[in-house]
2 protein chains.
Amino acid sequence: MERYNDYSFLLDRTARRVKQYAQYQFNCQQFGITVDQWAILKGLKQYADLSQKELAEYCGKDQPTLTRIVDLLVSKKLVERQANPTDRRSFVVHLTPAGEQKIDALSDSINKIRMEAWKKLNEDDFEHLKRILDTIYTNLNIG
Amino acid sequence: MERYNDYSFLLDRTARRVKQYAQYQFNCQQFGITVDQWAILKGLKQYADLSQKELAEYCGKDQPTLTRIVDLLVSKKLVERQANPTDRRSFVVHLTPAGEQKIDALSDSINKIRMEAWKKLNEDDFEHLKRILDTIYTNLNIG
DNA sequence: TTCGTATATTTGTCACACTAATTATTATTG
DNA sequence: CAATAATAATTAGTGTGACAAATATACGAA
């Protein structure tokens, strides 16, 4: 069934538009961060004070990418790197008060932006999508 | 239903893995091109001799990205830019014989790579996925 | 203890996405 | 016909993704 090949085009195209739409709204509303930086802030909020390796894993980024995103968040004073007392190789990434505040200030607006994509779709659609994407994801495990 | 927000994480994660897996196989099998370069070659094969603007549209790329991919394909001698006789602002992108040959040589292997993702999924799943992704895509039309 | 290996992070390089600005050409309008 | 607007392609700048290599530290085995 060669036409199934189209899934890769559809996936790539849709993922890019989702990100582009969100970033466009972030810019219009002057959130001052990127979509990927937001994902890291949310991860920190949810799991709190992780090492970069753990944070990368939970957020689905690789470590070099996470390093660079954390660099940007540090320069915006939204997070800080703290020494890890039990392992001097690693850092603990910690939300600053400004970071906490940013999350509180943006959460509602960002939920609204995200939900724009879900118009005309329902619970069953979500379950389908989640199952199919997870299947693809595990089918392609390289390791 | 705030949990629907996860669709963006799932989409991004899956699209990246699909691309990463394909690129990994491209590298192992020494195809000598990237996944995105392949998408442009296939677009040219299908539609033949388009301007860069048209090619970008059909392939779902923006114009600056397409310019750079075409640059790389030109340097690999797989395509060439030809003057457009009716509009001196634009080029016609044309597959070279080497480009045609590359497509013929790789098509079967790439179909096989693509189908790895589809294990344990069926026709209905494809229809679901296509409908849901297309709905999201059109929901987020910025223009 | 010490040597070798594993791990956390960083850095470098190439490719791609998006935006804005530039250049050359074409189309329009006054 | 000249001035202006629109368009195709490019370039520049920033952010992200993947991979490999480098660095510093931790851990395990001899």
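Residue numbers begin at 1 in each chain, while the letters A, B, ... track the order of the sequences.
A donor-acceptor pair under 3.5 Å is absent between the side-chain atoms of B/R81 and the main chain of B/V93, judged by distance alone. A donor-acceptor distance shorter than 3.5 angstrom exists from the side chain of A/T96 to the backbone of A/K77, with no hydrogens or angles considered.
At the phosphate of D/dT10, OP1 or OP2 sits under 4.0 Å from a side-chain N or O atom of B/R81. Proximity of B/T34 to the phosphate of C/dA15: no side-chain N or O atom is located under 4.0 Å from OP1 or OP2. Distances shorter than 4.0 Å separate some side-chain N or O of B/T67 from OP1 or OP2 on D/dT10. Note on A/K53: every side-chain N or O is 4.0 Å or more away from OP1 and OP2 of C/dT9. Residue B/Q23 has no polar side-chain atom (N or O) positioned under 4.0 Å from OP1 or OP2 of D/dC19. Between A/R88 and the phosphate of C/dT7, there is no side-chain N or O to OP1/OP2 separation shorter than 4.0 Å. OP1 or OP2 of C/dA17 has at least one side-chain nitrogen or oxygen of B/T65 nearer than 4.0 Å.
Picking from C/dT9, D/dA12, D/dA9 the nucleotide with the shortest atom distance to the side chain of B/R68 gives D/dA12. Of the candidates D/dT25, D/dG15, D/dA9, the closest approach to any side-chain atom of A/D87 belongs to D/dT25. Taking only side-chain atoms of A/F91, from C-beta outward, the nucleotide of C/dA8, C/dC18, C/dT10 with the closest atom is C/dT10. The B/Q63 side chain lies nearest to D/dA8 when the options are C/dC18, D/dA8, C/dT10. Among the nucleotides D/dT16, D/dA20, C/dC16, the one closest to any side-chain atom of A/D36 is D/dT16. Among the nucleotides D/dG17, C/dG12, C/dA17, the one closest to any side-chain atom of A/K19 is D/dG17. Comparing atom distances between the A/Q20 side chain and each of C/dT19, C/dG12, C/dC16 picks out C/dT19 as nearest.
Below 30°, between 30° and 60°, or above 60°: for B/F126 and B/W118 the angle between ring planes is above 60°, a perpendicular geometry.
Note: CD1 (B/I69) to C1' (D/dT10) measures 15 Å, nearest angstrom. Atom CZ of B/F26 is separated from atom P of D/dG17 by 21 Å (rounded to the nearest Å). Taking atom OH of residue A/Y21 and atom C1' of nucleotide C/dT19, one finds them 18 Å apart after rounding to whole Å. Spacing between atom CD of B/Q52 and atom P of C/dT25 amounts to 15 Å, rounded to whole angstrom units. The interatomic distance linking A/Q37 (CD) with C/dA17 (P) rounds to 19 Å, in whole Å. Rounded to an integer number of Å, the gap from B/D62 CG to C/dT19 P is 8 Å. With rounding to whole Å, A/Y24 atom OH is found 9 Å from C/dT19 atom P. Rounded to whole Å, atom C1' of D/dG17 lies 17 Å from atom CD of A/E57.
Heavy-atom nearest nucleotides on DNA chain C were determined for B/V35 and for B/T86, and the one closer to the 5' end corresponds to B/V35.
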Problem set entry | Working for ring-ring contact (aromatic ring centres under 6.0 Å, His included), residues B/W38 and B/F31 | CA-CA 10 Å; B/W38 174 253; B/F31 290 173; 7.9 Å; no
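For D/dT7, its base sits under 3.5 Å from the side chain of B/R89 at one donor and acceptor pair at least.
Between the side chains of A/N141 and A/T138, no donor N or O sits under 3.5 Å from an acceptor N or O.
Of the candidates A/I136, A/T135, A/D134, A/I136 is the only one forming a side-chain contact (heavy atoms from CB on, under 4.5 Å) with A/I132.
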